[in-house]
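All chains are named by letter (A, B, ...) in the order of the sequence lines, taking the proteins before the strands, and each is independently numbered beginning at 1.
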Amino acid sequence: MRTSKFYLFPVKEDPNDASLVSHKLMLRSCMIRQSAAGIYTWLPLGLIVLKKIEAIIRKLHYEYDIQELLMPTIQSADLWKKSERYSDYGKEMLRIVDRNKNELLYGPTNEELITDVVSKDLQSYKDFPKILYHIQWKFRDEVRPRFGVMRCREFLMKDAYSFDIDFENAYLSYCKMFLLYLKIFKKLGVKALPFEADTGPIGGSLSHEFILEASSGESEIFYDNSIHDLNIDNVDFNNSSEIKDMVLNYSKYYSRTSEKHEEKVFQNSTNEKNIIRSRGIEVGHIFYFGKKYSEKLNSTFLNDKGKTNYIFSGSYGIGISRLVAAIIESSNDDKGIVWPIEVAPFQIGLVNVRKGDNLSTEFSENFYKSNHGKYNIIYEDRDIRLGQKLNIMDLIGIPIQIIIGEKNIVNNYIEIKDRKSGKVSLVSKDKIEVFLKKEYEL
RNA sequence: CGGGGCGUAGCGCAGCCUGGUAGCGCAUCUGCUUUGGGAGCAGAGGGUCGAGUGUUCGAAUCACUCCGCCCCGACCA
């Protein structure tokens, strides 16, 4: 993408309405625009990031046979009355009445709906297990929306739902999702840890929150620092006992949110030098709730003895729109956003220092034309001052900045700047690909 | 839902107390000069001062009502 064509209107000054760094940077970098309290428009730059996160999540779900579907944003109140959550969910739920005076609602979550959908198809024990997910906009009428897309009313969530024949299998699904979530966050370049958590209005008996450590986070967390040493890279997802053992390994280390925190247990189970008390942003939440919804909605199947049983379920959410803000919150500096390369809107920022210099412009044009299919490039091709070009690249957090200027190009060199470290490398123009491969595995 | 603050040009703000028909910086447009980290000079365009009602000869300014947004707390993905 050329900046001369891209919808990008960065601003220098901090917006008045924002207090959180991520919120300020998202507004300044032209990623989002507010439309009402807790409701935002995603502008091209922001949407690219959102889509990148979606793509990574989709890919990993697909690898583990978890299939995507798409449920509506608007749901009928009937199912919610059956599950008795129509009244329980309270004012958080946005209620709508249609022209025929039918009660509808803008979905805050989808347990009822998906349970209803699958119960018509999953009739035999042979049809299990199944895990389905969708990526859909949700609406929760927050008491106090704040911090930009961090706590907004309309937000994008990936929510998955597992269906099993008994507790044993349902627990295995839970464990699979537990590890999958760790995998996803790692792939996103984000350090999120699992914490024992409250189940809230979703209900159930087993629950973990995945939290990204950040001082501005709303969750208070307590954990054993050794949990960082655990590594899931070599777990075989086709081996049930390996999966369960790995989750068990995690549960050996103390890691709880404030709702579940017990100071004495913490101190007795954790080596003093490993005690971490901190804050963080909840980016994922998984629940096991068994028959809670299948009983209310009468979702049953026949087991191998021909007997009718209720389906066992769990649900698994990742706040995609919140993740965007959370990543920025944990990765920024005084110049702006520092994207992990995995989710950066563009991997490479190609900066032509001076449009008037023929050699630089010719090389920049050629490099862009022959490489924008291979790499994700934003090409600064405008005739503006260098300071602006570089500051914008830094603000919007482009990880690799290739700078083409007359001083170096006459000697067949270009500069490659690393956004995170600020390190600038002088690279021969024929060795760019080698350099990118070696340094960034591109 | 309790407490506080704010609403004036695309953005950030001043003006309000003490009423007299709106100003600054950034951004935008034009011209010239500049050109390796958000340039300089000269000029230009852009505002029913959140909405309504009232007081007044006269309201951005005073009073009342409403709306919107932000922050702190309680609550929550």
Side-chain angles (χ1 to χ4, degrees), chain A residues 9-20 23-24 27-28 30 33-40 88-93 107-111 136-159 192 197-202 207-212 217-219 257-259 280-287 315-323 325-326 334-336 351-357 360 380 382-396 401 403-410 414-415 417 422 424 426:
Chain A
F9 301 94
V11 289
K12 275 194 271 187
E13 287 168 291
D14 275 340
N16 171 36
D17 282 352
S19 61
L20 220 60
H23 190 193
K24 285 179 188 170
L27 289 167
R28 284 185 51 205
C30 198
R33 196 154 291 164
Q34 182 166 31
S35 135
I39 299 177
Y40 290 84
D88 290 357
Y89 222 93
K91 288 184 177 170
E92 297 263 297
M93 186 144 75
T109 178
N110 287 61
E111 281 83 8
Q136 180 63 292
W137 291 91
K138 303 286 187 289
F139 194 94
R140 293 185 191 169
D141 201 356
E142 282 286 330
V143 197
R144 182 151 91 84
R146 61 188 128 163
F147 304 147
V149 298
M150 190 76 85
R151 174 164 300 283
C152 49
R153 295 193 292 172
E154 190 187 52
F155 59 99
L156 188 64
M157 182 157 108
K158 189 278 327 187
D159 39 329
D198 248 6
T199 55
I202 309 286
S207 171
H208 284 89
E209 283 182 30
F210 292 80
I211 293 174
L212 177 56
E218 295 182 273
S219 310
T257 59
S258 53
E259 292 87 27
I281 301 158
E282 179 187 352
V283 289
H285 201 158
I286 62 177
F287 305 87
S315 67
Y316 315 87
I318 292 179
I320 298 180
S321 46
R322 174 184 284 183
L323 247 176
D334 58 338
K335 286 286 195 180
V351 177
N352 182 14
V353 171
R354 209 159 73 81
K355 212 178 175 180
D357 182 61
S360 305
E380 180 52 85
R382 293 174 296 176
D383 189 15
I384 57 174
R385 299 182 75 83
L386 178 68
Q388 283 191 50
K389 299 180 188 184
L390 295 175
N391 280 317
I392 291 168
M393 286 293 169
D394 284 348
L395 174 67
I396 68 175
Q401 299 172 17
I403 300 158
I404 320 286
E406 52 193 324
K407 284 182 187 167
N408 294 313
I409 199 70
V410 291
I414 54 97
E415 287 166 62
K417 192 186 92 179
V424 178
L426 209 56

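- Contact annotation for A:K417: base contact, defined as any heavy-atom pair under 4.0 Å involving a base atom.
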Margin query: Pair A:N352, A:E380 - check side-chain contact (heavy atoms from CB on, under 4.5 Å), show working.
Written below: CA-CA 6 Å; A:N352 182 14; A:E380 180 52 85; over 6 Å; no

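- At a threshold of 4.5 Å between non-hydrogen side-chain atoms, the residues A:I384 and A:K389 count as touching.
- Residue contacts shown for A:I392 include a base, since a base heavy atom lies under 4.0 Å away.
- With a cut-off of 3.5 Å on both Watson-Crick or G-U wobble distances, the partner of B:G47 is given as none.
- When the P atom is used for both B:G7 and B:G50, the distance is 8 Å, rounded to whole Å.
- Using a 4.0 Å heavy-atom distance criterion, A:D357 is classed as making no nucleic acid contact.
- Contacts of A:E142 with the nucleic acid, taken as non-hydrogen atoms under 4.0 Å apart, include base atoms.
- Within the 4.0 angstrom heavy-atom criterion, only backbone atoms of the sugar-phosphate kind lie near A:Q34; the bases stay farther away.
- Taking atom P in both B:G15 and B:U8, the straight-line distance is 14 Å, to the nearest Å.
- Between the P atoms of B:C32 and B:A22, the separation comes to 34 Å (whole Å).
- Phosphate contact (OP1/OP2 of B:A39, side-chain N/O of A:R385, threshold under 4.0 Å): present.
- At a threshold of 4.0 angstrom between heavy atoms, the contacts of A:G317 with the nucleic acid are absent.
- A donor and an acceptor atom never sit less than 3.5 Å apart when one is taken from the side chain of A:E406 and the other from the base of B:G36.
- Here A:R146 does not reach the OP1 or OP2 of B:C69: none of its side-chain N or O atoms lies under 4.0 Å away.
- Taking atom P on both nucleotides, B:U55 is separated from B:C11 by 34 Å, rounded to a whole Å.
- At a threshold of 4.0 angstrom between heavy atoms, the contacts of A:F155 include nucleobase atoms, whether or not backbone atoms are also involved.
- When the nearest nucleotides of RNA chain B are assigned to A:Q401 and A:S19 by heavy-atom distance, the more 5′-ward of the two goes with A:Q401.
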Expected rows: protein N/O vs nucleotides 5-12 of chain B N/O, under 3.5 Å:
residue: B:G12; atom: OP1; partner: A:N16; partner atom: N; Å: 3.1

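- Comparing B:G46 with B:G10, their P atoms sit 12 Å apart, to the nearest whole Å.
- For A:R354, taking side-chain heavy atoms from C-beta onward, the closest of the listed nucleotides B:A74, B:G37, B:U35 is B:U35.
- Remark: A:R385 pairs with no residue by the salt bridge (charged side-chain N to carboxylate O under 4.0 Å, His left out) rule, at least two apart or across chains.
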Next item on the list: Assign a letter to each nucleotide of nucleotides 27-33 of chain B from its 5' end: B, base within under 4.0 Å of a protein heavy atom; S, sugar-phosphate only; -, no contact.
Entry: S------

